[in-house]
Every structure is written in C-alpha cells, then in structure tokens.
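Counting starts at 1 for both ligands and their atoms, following the listed order.
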Amino acid sequence: MRMIKRFLLPLLMLAGFLPGCAVHQTDIKGFNLISLQEEKQLGMKFSAEVEKQQAMLPDPEVQNYVNRMGRRLLTGVQVVEFDYTFKVVKDNSVNAFAVPGGHIYVNSGLIKAARNESELAGVMAHEISHAVARHGTRQLTQQYGFALVSQLVLGQNPNVLAQLATSLFGQAGTMSYSRSMESQADYLGVQTMYRAGYNPNGMLTFLSQLESMNRSNPGTLAQFFSTHPMTADRVQHVKTEIAQLPPKTYSENNTEFNRIQTRLK
Ligand code: ZN
C-alpha cells in the first residue's frame with residue numbers, strides 16, 4: 001500500500017490533479033494544500049482587512065435580512081464546514097464576493113439590481129458555493145504559491161495581506177477563478193437553492209438581466225463581468241440543470257424583499 005501511495009501521488013500530479021486544474025462539478029473535496037483550519041484563520045484575517053478597507057452598510061435591517069437569507073441557503077448546503085458570515089457592503093456597483101473561510105459579501109448595488117428574492121438568492125448561492133468548494137484557497141495557492149499563502153495564514157506578512165485584500169476583494173477587486181470553478185459554483189448554487197426552497201430560475205433570470213444591464217450601462221457591471229464572464233454555455237448549463245430537477249413548490253418573501261429594496265433606494 002505504502003508503495004502505491006508513494007508512486008500514485010506524483011503520478012496523479014502529473015496527470016493534472018493539481019490545484020486550479022479542471023474540477024468535477026460534484027466534487028467539493030478537490031485537491032487543496034491549505035487545511036480547513038488554516039483556511040479559517042486566513043479567512044478571518046482577510047475579512048477583517050476587507051471590513052477595514054470597505055464600508056459595510058450601516059443598516060441593521062438590511063444586514064439582518066441578507067444574513068437570514070444566507071442562513072436559509074446554508075440549509076441547502078450538504079456539508080457546512082465554516083462559520084459563515086453574510087454582510088452587505090455599501091457600494092453601488094453590482095457585485096458579490098466570497099472571502100475564503102465562508103465570508104460572503106453582497107454589495108448594496110446588487111440588492112438594488114435584483115428584481116426579486118430568488119434573483120438575490122441566486123448570486124448568494126453561487127458565492128456560497130465558491131466557499132463550499134474552497135475555490136479561494138485553491139486559486140490563491142495556484143496564483144501566489146503555497147509558501148506565501150502559509151505565511152499569510154501565520155500572519156507573517158501583514159502588508160502583503162492588506163495589499164492582496166485590496167487587489168482581490170477591494171472595490172476594483174478581481175479575485176478570478178478558473179472556468180471550471182465558475183461552472184461548479186453555478187452547479188452547486190442551483191442545487192443549494194433547490195434544497196433551500198428558493199426557485200433556481202432566479203439564477204437564470206438574473207444572469208440575463210445582468211446581460212441586458214451590461215449592454216445599457218457597462219460601467220456599473222465592469223467588475224462583476226471581469227470576474228464572472230458571462231458565456232452562452234454558462235447560461236445553457238444552468239438551464240439544463242434546472243430542467244432536470246424534480247418539480248417542487250418554492251417559497252420566497254417578495255414583500256420583505258421589496259421593503260428592503262425600498263430602504264436602499
Ligand atoms: Zn463565481
């Protein structure tokens with residue numbers, strides 16, 4: 001057995017099972033050099049930095065609402081390994097992002113752009129799925145190397161951490177994942193919405209709403225599109241996946257959603 005292990009690992013690595021290589025949609029435990037515990041530590045450092053650099057929306061009602069939606073979506077996640085946090089950033093551009101360790105941020109501009117609760121749930125489910133499949137730490141180790149990420153976990157490089165928080169998650173942040181990670185986040189996001197009782201069509205209608213918004217007013221969406229390239233097959237995959245789900249009665253509270261949206265306008 002030991003012999004097999006000794007030879008199997010390098011072989012697997014040669015075969016392309018390295019971080020950042022194609023991920024399988026259902027496999028959330030892909031190859032990751034960073035342990036769960038390390039990711040939790042790194043996530044706390046990054047989220048503290050993000051909240052130093054960006055203003056959180058000073059409205060407890062909106063914050064509580066998004067937090068409640070996040071908790072409900074987590075009921076649709078098969079394995080919850082992090083202490084998730086859900087916060088609203090005071091920023092009018094349409095964007096949302098996940099910091100490693102389960103820290104999910106939604107811009108107030110995104111809540112304004114959504115047309116109903118399931119559209120907002122769709123974006124949140126997608127970001128939660130990046131965290132569930134730990135795409136952030138996989139991508140970081142691939143982009144910056146394991147040594148640097150370990151230093152950040154240990155707090156040895158606070159200046160680099162601050163710089164990375166700006167360039168990855170800041171107002172012009174571009175934490176970009178591979179295409180297969182994006183497609184996995186869509187796939188898991190639909191499953192999560194379905195299990196939590198949100199209509200997964202919300203993800204689909206929001207994608208097309210964004211496309212038309214982008215045509216009429218590209219400025220506000222530049223960041224979202226640079227990190228989430230909208231491809232025709234992305235939309236098609238989500239469509240096909242939804243079509244295969246058994247029928248179900250969904251529940252969404254649009255009275256509350258509208259009240260929250262009015263508070264933002
Ligand atoms: Zn994404």
Looking at the Zn ion (ligand 1), is one of the N, O or S atoms of H135 less than 2.8 Å from it? no
What N/O/S atom of E182 is the closest to the Zn ion (ligand 1)? OE1
If you draw the axis of the six-membered ring of Y84, does the NZ or CZ of R71 fall within 45° of it and under 6.0 Å from the ring centre? no
Row for the Zn ion (ligand 1): angle NE2 (H130) to NE2 (H126), 10° precision, value 100°
Short side-chain donor-acceptor distance under 3.5 Å, Q184 and S129: no
Metal check, the Zn ion (ligand 1) vs E127 N/O/S, cut-off below 2.8 Å: no
Assess K40 against F82: is NZ or CZ under 6.0 Å from the centre of the six-membered ring, and within 45 degrees of the ring's axis? no
Count the heavy atoms of every other residue, nucleotide or ligand shown that sit under 6.0 Å from NZ of K248, and state whether that count exceeds 12. yes
